[in-house]
Each structure stands twice: as structure tokens, then as C-alpha cells.
Amino acid sequence: LDFYHEETPFEEMESNPQAYQAGIYEIHYEYLQPKEDFNGNIVLQISSSNPKFNYLWNAEYYQSVRILGKVNPAEGKVFVQGAYSPIYYINRFIPYLMGTPVAYIDEKTYIQGYEADSLLYQVSSNGEVSYAFGKAGEDMNITYSSLNVLDIEEYYKGRKDLRAKYDYYATLDYIPELEFLVRGYTKRSKNSDGLQIYRNDSLIVDQSVPKGFKFFGYKSPYIYGSNRKQAEFEDRLVIYRLKIQP
């Protein structure tokens, strides 16, 4: 992946980072959920660890940072776009909920989600927000605490503790055959999480699913999901299916 294809020298970007410069970013591996848009580009979540512009110590970071890196596999150059919603820079500092799941609807439109935001945003291919929609999931603990740290070790400990304490919106997928937008979220229950289904920006389903449920596909008349963490710890993969009625 080529993040350094701009004319600005690396030393200048390092000393005076600007949010629009691709060279200050890298893949954010903690939130690695690659998506493919309708033009064959691979889209990845990105972040900056520059000491003067990063998600650990700079609250203003969330007001201007780009959140998505788009790359044509044939060329390798990464172009940056997107932004965080206002919830990330108003009142609280929540770097432990930085996930930005995205779902592509067509060549000109995608839906942008955020772990800490109940709203979903319709965005054009050039990054302009058209409007927002969506409803909060059922029985979610969203009284998020701020997390201010001095170093990366303290951040990782705080991140682990707080992500276990609170609920958040985890995944976002689109089923073109049904024109369904599927959003998964965590719940306080030890046995279940939540799943929302939207059609034409309207919520039509919000129900409990087995804990750790992650959507991975649709084949009429079922939505399929699995618990990947369960597979890691138990050396088995349980497949769930949810029947969609006409």
C-alpha cells in the first residue's frame, strides 16, 4: 500500500501533519474490516499515530481526521476521505470506540456507521454527507466515559476494560437482493447481542441474536452469521441463520 504518493516531503508531514495528507496515515488494524466498493477499490479504516496528530492525545484529531483509505489494487495508492460524526468531539473523549463500519449501496453512495453513534449517515462517493437516519439499539449501555491516557500501554488496558463495559455498534453490511442494511450491535446480556435491519432508511427489524453474532452472507430466505471468537476459543464454528419473511 502506497501512502506516500504526494509531493509533500515526509519530513514536512511528520513535523506539520495535515489531515488531508495520505502520508500521515496507516491502516488501523484493530478495526480491520475491509470492504470493496462498486468500482473495485478496497476500503480500509485508517488512523494517524503522529505525535502531533493522533487519536490518543489530541481531542481535535476527531474534528478533522480522515477515517477511510481507498485503494485501487492495481495501483496501490491510498487516497483518504471521510470524517467522524460530531459525537466524537462533543463532551467526551472516547478513543476506545473508534470503529467506522461502512456499507456500499451503489457506485455513488455508501452508508457510514460509527461504534458510538446511533445514527447512520448516507455519504456520496466523494465524501459528502447527504443526511442521517437510524434508531438506537435496544437496551444499550451508552453512558460512555472519557479515556485520557499518557501512553499506549495505558490506552490498551483502558480500551479493553471500557469496551467490555459499554455497548456499541459493531458491524454494517448491505444485502442488495433485498435492499437491506444490516447493523449489528453489542448488548449488556451475556447471551445475546442485537441486530437491526433497515430498508429505505426505515428500521424494520431490531431483535436479539446469539452473543457474538456476525453477519457474513445471505441466501434466500436466510441471513447467515457466526461467532468468530467462539471458533477461536473452542475450535469449532457454529453457523446461525435468521429467516427473512416477505
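Aromatic pair Tyr155/Tyr55: ring centres closer than 6.0 Å. Between Tyr89 and Tyr84, the gap from one ring centroid to the other reaches at least 6.0 Å.
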Evaluation steps, side-chain contact (heavy atoms from CB on, under 4.5 Å), between Tyr185 and Glu138 = CA-CA 9 Å; Tyr185 61 93; Glu138 297 181 354; 3.9 Å; yes
For the pair Lys52 and Asn58, evaluate side-chain contact (heavy atoms from CB on, under 4.5 Å) and give the outcome as yes or no after the intermediate values.
-> CA-CA 8 Å; Lys52 297 182 179 180; Asn58 309 125; 5.7 Å; no
Can Gln122 and Ile105 be said to form a side-chain contact (heavy atoms from CB on, under 4.5 Å), step by step?
-> CA-CA 9 Å; Gln122 180 170 304; Ile105 306 302; over 6 Å; no
Going through the distances and angles, do Glu26 and Ser49 end up as a side chain to side chain donor-acceptor pair (under 3.5 Å)?
-> CA-CA 8 Å; Glu26 64 243 5; Ser49 58; 2.9 Å; yes
Test side-chain contact (heavy atoms from CB on, under 4.5 Å) applied to Ile175 and Ile223, step by step | CA-CA 9 Å; Ile175 304 175; Ile223 283 178; 3.9 Å; yes
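The structure places OG of Ser48 at 11.0 Å from NE2 of His28, a figure rounded to the nearest 0.5 Å. Rounded to the nearest 0.5 Å, atoms OG1 (Thr186) and CZ (Phe213) are 15.0 Å apart. In this structure, Ile24 CD1 and Phe10 CZ are separated by 10.5 Å, a value rounded to the nearest 0.5 Å. The distance from atom CD1 of Ile111 to atom CG of Leu172, rounded to the nearest 0.5 Å, is 7.5 Å. Rounding to the nearest 0.5 Å places CZ of Arg199 at 12.0 Å from CG of Leu181. Rounded to the nearest 0.5 Å, atoms CD1 (Ile152) and CG (Leu56) are 4.5 Å apart.
In this structure a side-chain-to-backbone donor-acceptor pair under 3.5 Å is missing from Glu179 to Asn200. When atom types are taken as modelled, the side chain of Glu12 and the backbone of Thr8 share no donor-acceptor pair closer than 3.5 angstrom. Although no hydrogens or angles enter the test, the distance criterion places no donor-acceptor pair under 3.5 Å between the side chain of Tyr110 and the main chain of Gly127. In this structure a side-chain-to-backbone donor-acceptor pair under 3.5 Å is present from Tyr88 to Ala116. A donor-acceptor pair under 3.5 Å is formed between the side chain of Gln21 and the backbone N or O of Gln18. A donor-acceptor contact shorter than 3.5 Å is absent between the side chain of Asn39 and the backbone of Asn41. Between the Lys243 side chain and the Pro221 main chain, no donor and acceptor come within less than 3.5 Å of each other. Put simply, the side chain of Trp57 gets close to the backbone of Val149: a donor and an acceptor are under 3.5 Å apart. Counting only distance, with no hydrogens or angles, the side chain of Arg163 and the backbone of Tyr96 share a donor-acceptor pair below 3.5 Å. Within the 3.5 Å criterion, the main-chain N or O of Leu178 finds no donor-acceptor partner in the side chain of Tyr218.
No continuous path of ILVMFWY side-chain contacts below 4.5 Å connects Tyr131 to Tyr104, so the two sit in separate hydrophobic clusters. Hydrophobic clustering (side-chain heavy atoms under 4.5 Å, transitive across Ile, Leu, Val, Met, Phe, Trp, Tyr) keeps Leu120 apart from Ile142. Leu97 and Ile90 fall within the same hydrophobic cluster, defined by Ile, Leu, Val, Met, Phe, Trp and Tyr side-chain heavy atoms under 4.5 Å apart, directly or through other members. In the hydrophobic clustering of this structure, Phe79 does not group with Tyr4; members are Ile, Leu, Val, Met, Phe, Trp, Tyr whose side-chain heavy atoms approach within less than 4.5 Å, directly or through other members. Linking Ile, Leu, Val, Met, Phe, Trp and Tyr whenever their side-chain heavy atoms come within less than 4.5 Å leaves Ile46 and Tyr20 in two separate clusters.
More than 12 heavy atoms of other residues, nucleotides or ligands lie within 6.0 Å of NZ in Lys211, so this atom counts as buried by the packing criterion.
Contact annotation: the side chain of Glu30 never approaches that of Met98 to less than 4.5 Å [non-hydrogen atoms, C-beta and beyond]. Side-chain contact between Phe180 and Ile204 is present, with at least one heavy-atom pair separated by less than 4.5 Å. Proximity of Thr171 to Pro101: side-chain heavy atoms (C-beta onward) are nowhere separated by under 4.5 Å. Using a 4.5 Å cut-off on side-chain heavy atoms (C-beta onward), Ser202 and Phe133 make no contact. Considering only heavy atoms from C-beta on, Glu115 stays 4.5 Å or farther from Tyr166 through its side chain. Side-chain contact between Val205 and Leu195: absent, with no pair of heavy atoms (C-beta onward) separated by less than 4.5 Å. Side-chain contact between Leu44 and Leu1 is present, with heavy atoms from C-beta onward closer than 4.5 Å. A 4.5 Å side-chain heavy-atom check between Ser125 and Phe38 finds every atom pair outside the cut-off.
Of all non-hydrogen atoms in Gln196 and Leu203, the two that sit nearest each other are CB-CD1, 3.7 Å. Across every non-hydrogen atom of Asp117 and Ser85, the tightest pair is OD2-OG, 2.8 Å. For the pair Phe215 and Gly217, the tightest heavy-atom approach, listed with the atom from each and the gap, is CE1-O, 3.3 Å. Shown here for Asn148 and Glu154, the closest heavy-atom pair between the two residues is O-OE2, 4.1 Å. Ile42 approaches Pro34 most closely through the heavy-atom pair CG2-CB, 4.4 Å. Among all heavy-atom pairs drawn from Tyr169 and Ser118, the shortest one is OH-CB, 3.4 Å.
Remark: Lys187 does not engage Asp193 in a salt bridge, criterion side-chain N to carboxylate O under 4.0 Å.
Here the options are Phe53, Tyr25, Phe93, the test is ring pair (Phe, Tyr, Trp, His ring centres under 6.0 Å), and the partner is Tyr61; only Phe53 passes.
Ring-plane geometry between Tyr114 and Tyr121 is classed as perpendicular, the angle between the planes exceeding 60 degrees on a 0 to 90 degree scale with a lower cut at 30.
With a 6.0 Å cutoff to the six-membered ring centre and a 45° limit on the axis angle, Arg183 does not count as a cation-pi contact of Tyr198. Note that Arg92 lies outside the cation-pi zone of Tyr144, set by a 6.0 Å cut-off to the ring centre and a 45° limit from the axis.
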